[in-house]
2 protein chains.
Amino acid sequence: MSISKTNRLSLVEQVVSQIETLIESGEWEIGSQIPPEMDLIKQFDVSRNTLREAIRSLVYAGLLITKQGKGTFVKSSSALGVAFQRRIQQSSLFETLEVRHALERQGAQLAAIRRDQEDIEKLRFHITACQKAAEAKDIKAYEEADIQLHKSIMCSSHNALLIDLYEHMEDSVHDSIHQLAGMSSDATLHLSIHCNLVEAIIDQDVNRAIDSVNGYIAQFKKFID
Amino acid sequence: MSISKTNRLSLVEQVVSQIETLIESGEWEIGSQIPPEMDLIKQFDVSRNTLREAIRSLVYAGLLITKQGKGTFVKSSSALGVAFQRRIQQSSLFETLEVRHALERQGAQLAAIRRDQEDIEKLRFHITACQKAAEAKDIKAYEEADIQLHKSIMCSSHNALLIDLYEHMEDSVHDSIHQLAGMSSDATLHLSIHCNLVEAIIDQDVNRAIDSVNGYIAQFKKFID
DNA sequence: ACCTCAAATTTGTAGGATGATTGGTTCATT
DNA sequence: AATGAACCAATCATCCTACAAATTTGAGGT
């Protein structure tokens, strides 16, 4: 019986791992061009095939992007976003909204428990931005402020994994939401719920925070139908 | 302005796409061995390098797994799991538990709303298995039954994305949970909460289902401290 | 029946050759 | 001098052959 399933890593996996480290450590900055194949072959001391299989893996995962004739560039430091995007595209907006509901409810609950002074200031800033955009009837600005508000709420949860999941999901979901944005009939209701949510988080009223999230998600579900 | 960013797909990307389709459509069943490289070279009419880069991409994404000397096998139909697991491994058990809380609470809520007769039968089967394992003091069997019960609950939500996320999370969390399993002092309490949860779902009592989830997650958090 | 070892199968790695794309340079024409 | 065509260099894309390493299979001998 083997203690480790696959104790020995293949050369390709080793190269992939090294490149991942280079990206995550920031040694290869996002957006920058990485050395050409021939240089990397010498650097890692592997054949062209091995290197290319490693590069191609990371391209598929969304960490790198290659452009023929130009070079290979660092695109992202996390593979989660691309994978999420692929998966969400296969899901209905309804399903995605329910998962978003799960994350936002938890985020609001934790935010109400753990928000610190810095969080409160950010929340107040963004809810004010929402109000101003609503008064100015600037739908585009309102959407942007709304997204920033939601991200601030999630950040107040102080759970990095939760924040990460939400951010990657947000990227993918935003486009879909945008389509429905025009029909925001009662933005005032939408805004009032958000105000209520922010107040609940600041007051550390967990139940009211959760109820607020349930409220605007329910409102959203009506739109979709 | 380019209508399509990269209108032309590379050969590797085309092969990847075709293989993805074969997997998602079920033509290549999960767990089955795919044709050897030489056959696929003829099938897709590409060189070995091109094919291998495509295969390697899907291996990295977690859809395939290659074993030297044996062959290549279909591991999963979703790339989300691997990316998710990679991210989870960088998180603390506490953070992961809170995200699990988010998913399980939502799963329980939706299950209480949408569970059908088939779901009820599965739930009853697995809760009975839990009880039997508890009576027999068989910790290992209890853990397995517990996992199956939780998966059944999630499946009752009838949200494929939610189920997908939970399943992949479950895999990563299970090991960590296993470490703490020995100290399950009050398994009876744990079991009673689960019974309560299943009853609530069957009775379509949404609030009681949510409270049950909150209950055993809170119990879990105590263990971690 | 059991063991040994060679052959076949399959993936892993290496290295070379050529094509395709991009960006820049050179140079002749206007 | 400005323009544009032709050329060239860098880089990735694809294909090819060859050999190595791991696994399974089966023939052959004990």
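Sequence lines set the chain letters: A, B, ... in the order given, protein chains first and strands last, and positions in each chain run from 1.
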What integer distance in Å separates [X]:[atom1] from [N]:[atom2]?
{"X": "A:F44", "N": "C:dG12", "atom1": "CZ", "atom2": "P", "answer": "19 Å"}
{"X": "B:E37", "N": "C:dT10", "atom1": "CD", "atom2": "P", "answer": "10 Å"}
{"X": "B:M38", "N": "D:dC15", "atom1": "CE", "atom2": "C1'", "answer": "13 Å"}
{"X": "A:K67", "N": "C:dG23", "atom1": "NZ", "atom2": "C1'", "answer": "14 Å"}
{"X": "B:L11", "N": "D:dC16", "atom1": "CG", "atom2": "P", "answer": "12 Å"}
{"X": "B:E13", "N": "D:dC12", "atom1": "CD", "atom2": "C1'", "answer": "12 Å"}
{"X": "A:L64", "N": "D:dT11", "atom1": "CG", "atom2": "C1'", "answer": "15 Å"}
{"X": "B:L9", "N": "D:dT14", "atom1": "CG", "atom2": "C1'", "answer": "16 Å"}

If you compare every side-chain N and O of B:T72 against the phosphate oxygens of C:dT10 (OP1, OP2), does one of them come in below 4.0 Å?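 Checking C:dT10 against B:T72, no side-chain N or O comes under 4.0 Å of OP1 or OP2.
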Hey, is the side chain of A:K70 poking within less than 4.0 Å of OP1 or OP2 on C:dG23, counting only N and O atoms?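 Checking A:K70 against C:dG23: at least one side-chain N or O falls below 4.0 Å of OP1 or OP2.
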Considering only heavy atoms, which members of residues 50-59 of chain B lie under 4.0 Å from some atom of DNA chain C?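 Correct list: B:R52, B:R56.
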Taking protein heavy atoms under 4.0 Å as touching, what does nucleotides 15-20 of chain C look like 5' to 3' if B marks base contact, S marks sugar-phosphate-only contact and - marks none? BB--BB
Going from CD1 on A:I55 to CD1 on A:I65, what distance comes out if it is rounded to the nearest 0.5 angstrom?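 Those atoms lie 13.0 Å apart.
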Applying side chain to side chain donor-acceptor pair (under 3.5 Å), name anything that partners A:S157, two or more places apart in sequence or on another chain.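 By the side chain to side chain donor-acceptor pair (under 3.5 Å) rule, A:S157 matches no residue at all.
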Is a donor from one side chain sitting under 3.5 angstrom from an acceptor on the other, for A:R100 and A:T96?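 No, because no side-chain N or O of A:R100 sits under 3.5 Å from a partner of the opposite role on A:T96.
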Please check if any side-chain donor atom of A:H126 sits under 3.5 Å from a side-chain acceptor atom of A:H150, or the reverse.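 A:H150 and A:H126 do not have a side-chain donor-acceptor pair below 3.5 Å.
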Check B:H158 against A:E95 and note the closest heavy-atom contact, atom names and distance.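 The answer is O-OE2, 4.3 Å.
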Applying side chain to side chain contact (heavy atoms under 4.5 Å, CB included), can you list everything that pairs with B:E135, at least two apart in sequence or on another chain?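 So B:E135 forms no side chain to side chain contact (heavy atoms under 4.5 Å, CB included) with any residue.
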Options D:dT11, D:dT24, C:dT11, nucleotide nearest the side-chain atoms of B:P36: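 Side chain of B:P36 sits closest to C:dT11.
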Check salt bridge (Lys or Arg N to Asp or Glu O under 4.0 Å) between B:E20 and all other residues, then give those that pass, not counting sequence neighbours.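 Salt bridge (Lys or Arg N to Asp or Glu O under 4.0 Å) check on B:E20 returns nothing, list empty.
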Mind jotting down which residue pairs meet the side-chain hydrogen bond (donor to acceptor under 3.5 Å, both in side chains) criterion with at least one end in residues 62-79 of chain B? Sequence neighbours excluded, please.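 Passing the test, one end in residues 62-79 of chain B: B:S78-B:D164.
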Heavy-atom side-chain contact between B:Q131 and B:C195 under 4.5 Å: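 They are in side-chain contact.
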